[in-house]
Engineer: 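After the structure tokens below, expect a handful of questions from me.
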2 protein chains.
Amino acid sequence: MKALPYTLRQLEYAVAVAEAGGFRKAAEQCHVSQPALSAQLAQLEDIIGVRLFERDRRRVLVTGAGRELLARAKRVLTEAADLQALARCWEDPFHGEMRIGIIPTIAPYLLAEITPALKERFPELRLLWTEEKTSTLSSMLEEGALDAAVVALETDLGDVEHAEIAKDPFVLAAARSHPLAKARSKMPVAKLAQSCVYLLEDGHCFREQVVDLCSKVGSEEAGFRATSLGTLVQLVASTGGLTLLPSLALGIENRNEQLKIRPLGSPMPYRTIALVWRPSTPFRDALETLAKTMRAAYPVSSKVTNAKQG
Amino acid sequence: MKALPYTLRQLEYAVAVAEAGGFRKAAEQCHVSQPALSAQLAQLEDIIGVRLFERDRRRVLVTGAGRELLARAKRVLTEAADLQALARCWEDPFHGEMRIGIIPTIAPYLLAEITPALKERFPELRLLWTEEKTSTLSSMLEEGALDAAVVALETDLGDVEHAEIAKDPFVLAAARSHPLAKARSKMPVAKLAQSCVYLLEDGHCFREQVVDLCSKVGSEEAGFRATSLGTLVQLVASTGGLTLLPSLALGIENRNEQLKIRPLGSPMPYRTIALVWRPSTPFRDALETLAKTMRAAYPVSSKVTNAKQG
DNA sequence: CCAATGTGATAGGCTGTGCCTATCTACTAT
DNA sequence: ATAGTAGATAGGCACAGCCTATCACATTGG
């Protein structure tokens, strides 16, 4: 891009002169003195090498070149003003769009719940959701392809700041026929020992958490790895197996009659759902407010209901 | 038009940063120091109230707002550059367009003759001809609706400068049957006395000149006033009458077999065809060159030929 | 592991731009 | 004539925008 030798102000003055039909009136409109306007205009004409106005003692005429160039000048000024107007839209961070990532073990259960609240609270904010596994979201965030992401804090996220949305306890989900389906409330995690547990496919952070948990108590993994929590539930129900689920998913995944849900304890395993962002983001304040709204809209009810009914 | 608080340069810097992906590289491209660019950018962001870039120690990311606003900024800069390019076209006065008026008693005879020469000499110059009577041209010139005009200097033109193109002698044009058709070369104007002369309608400067001439020697005007030299010739030929014509018109109007052309003398009446312009025009030099070209392309041949054969 | 090299931000100082007021010159209108 | 208008010009001042030098913090290489 080559340097532009003239300024927007000069164009403004020129257009003003053409519209006002005189230097003095134009200067008044532009809130400058007539000599100041005169000087800028002379400079503009000097720079572009074309005489825009024909000065006569009693009036100002627009030259042929001036007619055409001033039309262009108006277009430039209009574009510039548009840009400014556009900027004013973005000035309010809740007016515009924000690109947010979210992991697959949260997205289907959380988005439906919080979207109405967000829509109501920030009607002018367009949220562009991207559903990917944590590692993908992490690099997208890093590269600036996302402004924030909803993930589980228990996974490595690199250098980010965060605002917690909720703690999401894990529960036992077993087929009705499974021995552990009859366990009392708050079944200790240790009881999972020796059980064969169904898990998600690689890359899901929820899988990593459960794997950690299971390896500690000595469970083994079933042969098949599900691609989503939905298929995981189907799998468990149809094979009479066992798995862990995040409570968040229960609102939807607990509809299977073959499935029994039992809370876990000693210690209660959980993940921390949070909104994360780059430390250098210009939207920190906005994102914290956003997270606050998400926290308020988080589906406590379903979690509590399920815990009680389990 | 409201004042625009930001400058084109700031937009340039911003676009450069987005394209170069860093302040230093951008600064280099813009031929300024990095702090200078930094300052301008900070100022721009402050003015429009939106953070365009996310500064990280190791790289620069474009914010969501930045993506959209920078696209706009590029458009503004492109428009501005276009304007400059357009100006460069007009910088050469012979590159662009020029609005020139011309009177009806010259236009049809002169334009065909000089247009090829002008086209060849100034290929990039588009001449916009306006054919009107002198008074109309005069006010159009005054108002700036025309850049120049081709007229006869013998008419009152107000405050204008001029460059002569040619002296255009008047000749006698009589029907073959008319007594004066047999006159020798250089018929004295005085011989027109008592004759009934056909003239153009009001408003033509050529009519005014001939009227002046005739009233001095005591001719009288025929009942019908022609709207053009063409009809005037038809009129004279068909009614066996008499009129005066500018030599310039002979190239075309002398084709009528019924018409006899005789030169006039003592003194030889003529009009001075010239290019005129406002004293304040920015095109004086160009117009003088233009007039020179017209002078060179002026159809001498036809005039001489007619004079000889008369 | 430390030096070398890179980033953008900051500080201090200078130059030139852009503004002001006051004045000038020329034309118009009373 | 005289007053009122136009744009151009002159002198002076304030600050915008640039420079160099430096800082604070990264990443990279030996």
Side-chain angles (χ1 to χ4, degrees), chain A residues 3-14 16-47 51-63 66 142-144 158-161 278-282, chain B residues 3-47 51-63 66 142-144 158-160 278-282:
Chain A
L4 289 170
Y6 62 88
T7 68
L8 281 178
R9 190 170 347 153
Q10 288 164 350
L11 296 187
E12 279 185 83
Y13 288 179
V17 167
E19 288 183 347
F23 281 46
R24 282 198 127 84
K25 266 173 281 183
E28 195 174 352
Q29 282 180 19
C30 295
H31 308 292
V32 290
S33 69
Q34 169 263 317
L37 182 138
S38 255
Q40 286 298 309
L41 237 147
Q43 195 178 338
L44 174 62
E45 287 180 327
D46 190 50
I47 287 167
R51 221 165 163 66
L52 298 172
F53 302 104
E54 202 176 308
R55 280 86 151 163
D56 191 279
R57 290 269 184 276
R58 60 191 184 288
R59 72 206 190 295
V60 170
L61 292 178
V62 180
T63 64
E142 160 83 3
E143 291 162 14
D159 185 22
V160 295
E161 290 181 1
R278 286 181 300 279
S280 57
T281 189
Chain B
L4 289 169
Y6 62 87
T7 69
L8 281 178
R9 191 172 341 149
Q10 289 164 350
L11 295 187
E12 280 184 83
Y13 289 177
V15 170
V17 167
E19 288 183 347
F23 280 45
R24 282 197 129 84
K25 267 172 281 185
E28 194 174 352
Q29 282 181 18
C30 294
H31 309 291
V32 289
S33 69
Q34 169 264 316
L37 182 137
S38 256
Q40 287 297 309
L41 242 157
Q43 195 178 337
L44 174 61
E45 288 181 327
D46 190 49
I47 286 168
R51 218 162 162 70
L52 298 173
F53 302 105
E54 201 174 308
R55 280 85 151 166
D56 192 280
R57 289 265 185 271
R58 61 190 183 287
R59 71 207 192 295
V60 170
L61 292 178
V62 180
T63 63
E142 160 83 4
E143 290 161 16
D159 183 23
V160 295
R278 285 181 301 276
S280 57
T281 189

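Being a predicted model, the structure only gives us computed values, none of them experimental. Chain letters run A, B, ... following the sequence lines, proteins first, then strands; residues in each count from 1.
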Engineer: Please tell me which of Val32(B) and Arg24(A) maps to the more 5' nucleotide of DNA chain D, matching each residue to the nucleotide holding its nearest heavy atom.
Structural biologist: Arg24(A)
Engineer: Calculate the interatomic distance between Lys25(A) atom NZ and dG4(D) atom P; express it in whole Å.
Structural biologist: 18 Å
Engineer: I'd like to check the side-chain contact (heavy atoms from CB on, under 4.5 Å) partners of Ser38(A); sequence neighbours left out, ordered by chain and number.
Structural biologist: Phe23(A), Gln34(A)
Engineer: Give me the atom names and distance for the closest heavy-atom approach of Ile47(B) to Gln10(B).
Structural biologist: CD1-OE1, 4.1 Å
Engineer: Nearest 0.5 angstrom please: Glu45(B) CD to Leu52(B) CG, how far?
Structural biologist: 5.0 Å
Engineer: So if I take the C1' atoms of five pairs at each end of the helix from dC1(C)-dG30(D) to dT30(C)-dA1(D) and get each local axis, what angle do the two axes make, rounded to 10 degrees?
Structural biologist: 10°
Engineer: In this structure, how many angstroms lie between the P atom of dG7(D) and the CG atom of Leu52(A), rounded?
Structural biologist: 15 Å
Engineer: Look at Ser33(B) and dC19(D) and indicate whether a side-chain polar atom (N or O) is within less than 4.0 Å of OP1 or OP2.
Structural biologist: yes
Engineer: Would you call Leu8(A) and Leu8(B) a side-chain contact if the rule is heavy atoms closer than 4.5 Å?
Structural biologist: yes
Engineer: Which nucleotide sits closest to the side chain of Arg9(B): dA6(D), dG17(D), dA9(C)?
Structural biologist: dG17(D)
Engineer: Any heavy-atom pair between the side chains of Phe53(B) and Val62(B) that's under 4.5 Å?
Structural biologist: yes
Engineer: Quick check on dA6(D): is either OP1 or OP2 less than 4.0 Å from any side-chain nitrogen or oxygen of Arg55(A)?
Structural biologist: no
Engineer: Compare every heavy atom of Ala20(A) with every heavy atom of Gln29(A), then report the nearest pair and how far apart it is.
Structural biologist: NE2-CB, 3.9 Å
Engineer: CG of Asp159(A) versus P of dC25(D): gap in Å, rounded?
Structural biologist: 14 Å
Engineer: Just how far is it from atom CG of Leu37(A) to atom OH of Tyr13(A), taken to the nearest 0.5 Å?
Structural biologist: 6.5 Å
Engineer: Hey, can you pull the residues of residues 35-45 of chain A with a non-hydrogen atom under 4.0 angstrom from DNA chain D?
Structural biologist: Pro35(A), Ser38(A)
Engineer: Does a side-chain N or O of Tyr13(A) approach OP1 or OP2 of dC19(C) to a distance below 4.0 Å, or not?
Structural biologist: yes
Engineer: Is any side-chain heavy atom of Val32(A) less than 4.5 Å from a side-chain heavy atom of Gln40(A)?
Structural biologist: no
Engineer: Report yes or no: is there a donor-acceptor pair, N or O only, under 3.5 Å between the side chain of Gln34(B) and the base of dA9(C)?
Structural biologist: yes
Engineer: Can you measure Arg51(A) atom CZ to dA8(D) atom C1' for me and round it to whole angstrom units?
Structural biologist: 11 Å
Engineer: Would you say that more than 12 heavy atoms from the other residues, nucleotides or ligands in this model lie under 6.0 Å from the CD of Glu28(A), or not?
Structural biologist: no
Engineer: Provide, to the nearest angstrom, the distance between the CG atom belonging to Asp46(B) and the P atom belonging to dA9(C).
Structural biologist: 14 Å
Engineer: Could you state the CG-P distance from Leu8(A) to dG18(C), rounded to the nearest angstrom?
Structural biologist: 13 Å
